[in-house]
Amino acid sequence: MKIGGVEVTRAEEVLVLPRQGDNLVFKAQAVLDMEAFDALCPKPTPPVRLTKDGKKEHKSGEYLAQLTRWGEQRYAYVLIQSLKPSDIEWGIVKEDDPNSWLKWVDDFKSAGLADTEINRVQQLVLDANALNETKLKAAREAFLVGQGKKA
């Protein structure tokens, strides 16, 4: 697909963490759809019971814990999928095992990444999966300069 003669490509963000010898290069791309996640981890539904007078009553207890875990798995899935261009060879995380996804931090820590570096990787993934005003402004300015106009 082209828009205005420009081939549409997936945005990619890059983070380079310094190391003695070879630096660690993380690449992140936006996750385009969540179909695979939804198939592996359907969103929990709240349990409902009928009262004596026939009204529906939601029971929350365990559902909130299930919903929290589902949200954490969704975040982990996005992180793991976004980092695919980095060619990470996960130790604990298995792409087809949702129960392992939440151990992505453990994988990074066992590889020797510090908390501050893990935070940078998370920010990289967030940047790849979101637009912010800084990115939009830079793109707008680059476009206007190409048009011979001031931003």
Contact check, side chains of M34 and Y77, non-hydrogen atoms, under 4.5 Å
yes
Distance col, row L124:CG vs Q29:CD, nearest 0.5 angstrom, shows 11.0 Å
Residue pairs passing the side chain to side chain donor-acceptor pair (under 3.5 Å) test with at least one member in residues 106-115, sequence neighbours excluded, are K109-D115
Residues 116-129 vs salt bridge (charged side-chain N to carboxylate O under 4.0 Å, His left out), sequence neighbours excluded, gives R19-E117
For E7, the salt bridge (Lys or Arg N to Asp or Glu O under 4.0 Å) test, sequence neighbours excluded, returns none
ask   = Do the two ring centres, one from F108 and one from W90, sit under 6.0 Å apart?
value = yes
The complete set of salt bridge (charged side-chain N to carboxylate O under 4.0 Å, His left out) pairs with one or both residues in residues 87-103, sequence neighbours excluded, reads K84-E95
Contacts satisfying salt bridge (charged side-chain N to carboxylate O under 4.0 Å, His left out) that involve residues 28-42 (not counting sequence neighbours) are none
Rounding to 0.5 Å, atoms CD (E13) and CD (Q123) come to a distance of 9.5 Å
Interatomic distance, SG@C41 vs CD@Q66, rounded to 0.5 Å, equals 12.5 Å
**Q.** Linked, directly or transitively: W70 and L64 (ILVMFWY side chains, under 4.5 Å)
**A.** yes
Checklist entry - Heavy atoms, side chains only, cut-off 4.5 Å: are N99 and Q73 in contact? => result yes
Residues joined to V25 in its hydrophobic cluster, side chain to side chain under 4.5 Å directly or through other members, sorted by chain and number, are V14, V16
**Request:** In sequence, state the C-alpha distance, the side-chain angles, and the governing distance for T45 and Y63, and then conclude on side-chain contact (heavy atoms from CB on, under 4.5 Å).
**Result:** CA-CA 7 Å; T45 55; Y63 168 69; 5.5 Å; no
Here the pair of heavy atoms bringing S82 nearest to V31 is OG-CG2, 3.5 Å
Do you reckon I92 sits in the same ILVMFWY cluster as I118, going by side-chain contacts under 4.5 Å, direct or chained?
no
Self-check item: Within-4.5 Å side-chain heavy-atom neighbours: L113 and L24
Solution: yes
Interatomic distance, CG@N23 vs CG@L17, rounded to 0.5 Å, equals 8.5 Å
Separation between CZ (R74) and CH2 (W101), nearest 0.5 Å, reads 11.0 Å
Margin query: Between K43 and L67, is there a side-chain heavy-atom distance shorter than 4.5 Å?
Written below: yes
hydrophobic_cluster_shared for V121 and L102, side chain cutoff 4.5 Å: no
Here the gap from L83 atom CG to W104 atom CH2, rounded to the nearest 0.5 Å, amounts to 8.5 Å
